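Read through the structure below, which is laid out as structure tokens, and then see the notes.
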Amino acid sequence: MQTIHEQFVQTAEVMQGKTLFERPGQADISFLQMRETVERLAGALTALGVSPGDRVAVQVEKSPEAIALYLATLQVGGIFLPLNTAYTGAEIDYFIGDAAPRLFVCDPAQAEAHSHRAGDALAVETLGAQAEGSLMARAAEATPREDRHPCGPDDRAAILYTSGTTGRSKGAVLTHGNLASNTEALLDCWRFTAEDRLIHALPIFHTHGLFVAANMALVAGSTMIFLTKFDAEQAIDLMERATVLMGVPTFYTRLMKSERLSRETTGGMRLFVSGSAPLLAEDHRAFTDRTGHKILERYGMTETCMIASNLYEGDRIAGAVGMALPGISIRITDRETGAELPQCEIGLIEVKGPNVFEGYWNMPEKTAAEFRPDGFFITGDLGMIGEDGYLRIVGRDKDLVISGGYNVYPKEVEEAIDALPGVLESAVIGLPHPDLGEAVTAVVVPKGDGLEADSIRAALEGTLARFKQPKRVILAEALPRNVMGKVQKAELRKTHADLYAKTMA
Ligand code: MLC
Ligand code: AMP
């Protein structure tokens with residue numbers, strides 16, 4: 001196995017002056033320039049005391065230098081820990097406490113807010129969207145490192161935090177083998193090559209933007225049209241110079257809102273990929289009607305990287321996520337007994353293969369609870385494999401909301417709401433939303449009079465990242481419960497199913 005960093009170095013050797021990053025209104029960055037930046041950053045990391053196995057936590061705006069920092073961390077044998085830029089100080093406290101990184105890199109604008117964290121055990125540096133800040137200044141002074149710490153497939157490469165069912169986020173530990181094997185499988189399945197030009201509009205602190213999109217381009221030698229955020233009109237403008245778009249379903253619903261989306265404007269594109277959340281079958285068909293392109297839907301998870309994909313040459317079925325990627329096994333099991341189910345029966349989706357993570361950081365019990373003795377990982381998604389052999393996801397066994405591709409575990413939001421004065425209890429659910437797929441929504445039972453929905457939303461500012469905050473708060477006299485006293489979320493979802501139907505709240 002060659003690590004993603006080793007493969008990037010090899011690719012850069014071949015690609016040399018070819019553009020790796022193209023950014024509107026900014027200078028291009030070539031593969032060679034990127035390699036030099038990575039080598040300098042590796043020197044800076046070493047000077048900052050980052051040793052093999054050390055965590056490098058990073059909460060920065062999207063930039064080529066942030067990708068270089070990821071590669072440099074892999075080069076020195078560190079463990080890359082990217083954090084959503086939306087996380088608040090309280091959320092960062094938890095991640096730093098849990099992962100105990102050697103280095104924390106934050107935005108220059110946040111330097112003061114995080115300065116108290118710096119000490120003997122933790123260095124704090126800054127990196128801005130335009131490469132400003134202390135880290136690149138150190139890199140400029142550092143002795144570049146060409147050598148790399150040797151890493152095998154089982155060595156740790158990254159930790160990605162996913163919110164937990166209990167309200168406590170879990171750090172999914174991914175190995176070099178996980179990342180390298182998944183990139184290899186995807187390059188092959190999607191016929192992704194150096195000829196491709198990828199519109200990269202995803203955030204780079206998640207699997208989708210970093211370990212799918214960026215890794216593929218870094219290894220294949222393709223150009224990334226690197227955008228700080230997704231804008232449908234800008235994406236349509238860029239399509240004549242691009243070949244591939246990878247996005248969450250919200251990208252596609254937003255594209256379809258533009259009158260300019262047509263066969264002509266998408267004519268030069270080779271492939272549209274969707275994942276991270278369910279793509280409605282009707283949106284899949286509508287996109288084909290408008291553009292002639294069939295979106296290729298795939299299925300993945302932070303803990304497993306990509307699991308399944310529709311076929312590049314073959315059927316791309318609306319409402320299905322395709323077949324297991326090479327080397328990966330999928331099975332459907334009974335929720336109660338764990339026994340494997342035959343085709344066409346609905347059960348838990350379980351997965352095994354070189355893509356499956358090592359476990360949760362410092363959480364051996366939680367890790368053990370999510371693996372079967374024979375090594376299969378229980379995804380918490382419900383699905384079935386049809387007669388055509390294609391996997392279909394039909395629901396979730398886990399209490400999870402996916403809003404615009406971001407996961408939100410209701411428990412964490414409920415705990416924050418329940419802690420507010422005047423709140424008796426709450427239930428957080430995901431309701432169908434025309435833009436985000438699902439919108440985080442809170443049903444709150446006040447203790448007495450005087451509690452207002454808006455004041456609840458306002459009180460969560462600063463505690464919870466914006467995407468976790470409820471888009472709407474509904475006040476209720478009581479929560480529906482079954483005989484066991486368990487809150488009936490399905491009933492709440494049914495009662496309020498149309499809340500966002502006509503609005504874009
Ligand atoms: C932004 N906001 C969101 C949100 N994104 N709220 C809920 N859910 C989201 N996903 C907030 C903003 O803070 C803002 O709040 C308001 O909503 C409107 O913002 P916007 O300008 O419309 O949002 P935008 O920046 O356009 O972002 C929407 C988005 C983005 C869908 C383009 O969220 C996105 O890029 N999502 C992709 C997430 C992703 O990469 N997931 C992959 C996870 S990996 P206010 O109140 O300030 O106005 C994974 C595995 C796998 O799942 O299989 O891939
Ligand atoms: P995350 O933990 O952020 O990686 O999110 C993973 C979850 O996203 C999975 O467990 C699924 O529930 C969901 N997901 C990813 N891709 C798809 C897809 N194509 N269709 C439906 N759900 C998806």
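Source: prediction; values computed, not measured. All ligand and atom numbering here is 1-based and tracks the order in the structure. Residue numbers count from 1 along this sequence.
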Open item on the list: Would the distance check show the side chain of Arg331 and the main-chain N or O of Glu340 forming a donor-acceptor pair, the cut-off being under 3.5 Å?
Closed with: no
Open item on the list: Less than 4.0 Å is my threshold; does some heavy atom of His208 fall inside it relative to ligand 2?
Closed with: no
TODO: Report, in ascending order of atom number, the atoms of ligand 2 lying under 4.0 Å from any heavy atom of Ile393.
DONE: 20 (N), 21 (C), 22 (N)
- [ ] Below 4.0 angstrom from a heavy atom of Ile402, which ligand 2 atoms are there? Numbered from 1 as shown, please.
- [x] 8 (O), 12 (O), 13 (C)
Open item on the list: Please classify the His206 to ligand 2 contact at 4.0 Å (heavy-atom distances, strictly less than): side chain, backbone, both or neither.
Closed with: neither
Task: Flag, side chain of Thr367 to backbone of Tyr360, donor-acceptor distance under 3.5 Å - done: yes
Task: Option among Val56, Ile92, Thr126, Val58 that satisfies the side-chain contact (heavy atoms from CB on, under 4.5 Å) test with Phe104 - done: Ile92
TODO: Starting from atom 10 (N) of ligand 1, locate the nearest protein heavy atom and write down its residue, its atom name and how far away it is, to 0.1 Å.
DONE: Ser403 O, 2.8 Å
TODO: Specify the protein heavy atom at minimum distance from atom 16 (N) of ligand 2: its residue, its atom name, and the distance to 0.1 Å.
DONE: Ser276 N, 3.1 Å
Open item on the list: For the backbone of Asp435 and the side chain of His433, can you confirm whether one donor and one acceptor N or O come within less than 3.5 Å of each other?
Closed with: yes
Task: Residue portion contacting ligand 2 (non-hydrogen atoms closer than 4.0 Å) for Thr302 - done: both
Open item on the list: For Arg396, is there an ion pair with Glu438 - N to carboxylate O distance below 4.0 angstrom?
Closed with: yes
Task: Proximity flag Gly275 to ligand 1, non-hydrogen atoms under 4.0 Å - done: no
Task: atom 41 (N) of ligand 1 - nearest protein heavy atom and its distance - done: Gly405 O, 2.9 Å
Task: ligand 1 contacted by Arg254 (non-hydrogen, < 4.0 Å) - done: yes
- [ ] Kindly say whether the aromatic ring centers of Phe21 and His200 come within a distance under 6.0 Å.
- [x] no
Task: Expected output: side-chain Thr183 to main-chain Ala180 donor-acceptor under 3.5 Å - done: no
Task: ligand 1 versus Arg466: contacting region, heavy-atom distance under 4.0 Å - done: side chain
Open item on the list: Only heavy atoms of Asn407, strictly under 4.0 Å: list the atoms of ligand 2 that pass.
Closed with: 1 (P), 2 (O), 3 (O), 5 (O), 6 (C)
TODO: Give a yes/no on ligand 2: does Arg298 have at least one heavy atom closer than 4.0 angstrom to it?
DONE: yes
- [ ] Would you indicate which of Gly300, Ser274, Gly275 comes nearest to atom 15 (C) of ligand 2 when only heavy atoms are counted?
- [x] Gly300
TODO: Return a yes/no value: protein heavy atom under 4.0 Å from atom 51 (C) of ligand 1?
DONE: yes
Open item on the list: Any protein heavy atom at under 4.0 Å, with atom 43 (C) of ligand 1 as the reference point?
Closed with: yes
Open item on the list: Under a 3.5 Å distance rule, please check whether Arg191 uses its side chain to pair with a backbone N or O of Leu187 as donor and acceptor.
Closed with: no
Open item on the list: Aromatic contact between Tyr161 and Phe205, with the criterion being ring centroids under 6.0 Å apart: yes or no?
Closed with: no
Task: Candidates Ile417, Val428, Thr441 - the one meeting side-chain contact (heavy atoms from CB on, under 4.5 Å) with Pro470 - done: Ile417
TODO: Report the nearest protein non-hydrogen atom to atom 49 (C) of ligand 1: residue, atom name, distance rounded to 0.1 Å.
DONE: Ser276 OG, 3.7 Å
Task: Heteroatom distance test (Gly300, ligand 1): nitrogen or oxygen, under 3.5 angstrom - done: yes
Task: Min heavy-atom dist Thr207 to ligand 2 below 4.0 Å - done: no
Open item on the list: I'd like to know if the side chain of Asp196 reaches the main chain of Thr193, judged simply by a donor and an acceptor atom lying under 3.5 Å from each other, with no hydrogens or angles considered.
Closed with: yes
- [ ] Looking only at protein heavy atoms, identify the closest one to atom 32 (C) of ligand 1 and say how far it is in Å.
- [x] Phe251 CE1, 3.8 Å
TODO: Show which atoms of ligand 2 fall inside a sub-4.0 Å distance from at least one heavy-atom site of Glu297.
DONE: 18 (C), 19 (N), 20 (N)
TODO: Look up atom 1 (C) of ligand 1 and tell me if a protein heavy atom lies less than 4.0 Å from it?
DONE: no
Task: Stacked cation flag Lys398 on Tyr409, 6.0 angstrom / 45 deg - done: no
TODO: Could you check which of Ala277, Cys305, Gly322 puts a non-hydrogen atom nearest to atom 17 (C) of ligand 2?
DONE: Ala277
Open item on the list: Geometry only, no angles: is Thr250 polar-contacting ligand 1 at N/O separations under 3.5 Å?
Closed with: no
- [ ] Below 4.0 angstrom from a heavy atom of Pro278, which ligand 2 atoms are there? Numbered from 1 as shown, please.
- [x] 20 (N), 21 (C), 22 (N)
Task: Gln469 side-chain N/O to Leu464 backbone N/O, donor-acceptor pair under 3.5 Å - done: yes
Open item on the list: Below 3.5 Å, N or O to N or O, backbone or side chain included: is there any such pair between Gly404 and ligand 1?
Closed with: yes
Task: atom 38 (C) of ligand 1: the protein heavy-atom neighbour that sits closest, reported with distance to 0.1 Å - done: Tyr406 CE2, 3.3 Å
Open item on the list: For atom 4 (C) of ligand 1, what is the closest protein heavy atom, and at what distance to 0.1 Å?
Closed with: Phe467 CB, 4.0 Å
Task: Closest protein heavy atom to atom 35 (O) of ligand 1, given as residue, atom name and distance to 0.1 Å - done: Pro203 CD, 3.6 Å
- [ ] Please work out whether the ring planes of Phe371 and Phe357 are parallel, tilted or perpendicular, with thresholds of 30° and 60°.
- [x] parallel
Open item on the list: Students should be able to answer this: which protein heavy-atom is nearest to atom 21 (O) of ligand 1, and at what distance?
Closed with: Lys229 NZ, 3.3 Å
- [ ] Kindly say whether Pro153 contributes a backbone atom to a donor-acceptor pair with the side chain of Thr175 at under 3.5 angstrom?
- [x] yes
Task: Side chain, backbone, both or neither: Ile402 near ligand 1, heavy atoms under 4.0 Å - done: neither
Task: Any Arg298 heavy atom less than 4.0 Å from ligand 1 - done: yes
Task: Closest non-hydrogen atom pair, Leu261 against Met256 - done: CD2-CG, 3.8 Å
Open item on the list: Looking only at the aromatic ring of each residue, does the gap between the centers of Phe272 and Phe251 stay below 6.0 angstrom?
Closed with: no
Open item on the list: Nearest non-hydrogen contact with atom 17 (O) of ligand 1 belongs to which option: Lys471, Arg457, His206?
Closed with: Lys471
- [ ] Mind listing the closest non-hydrogen atom pair of Asn84 and His206 along with its distance?
- [x] ND2-NE2, 4.2 Å
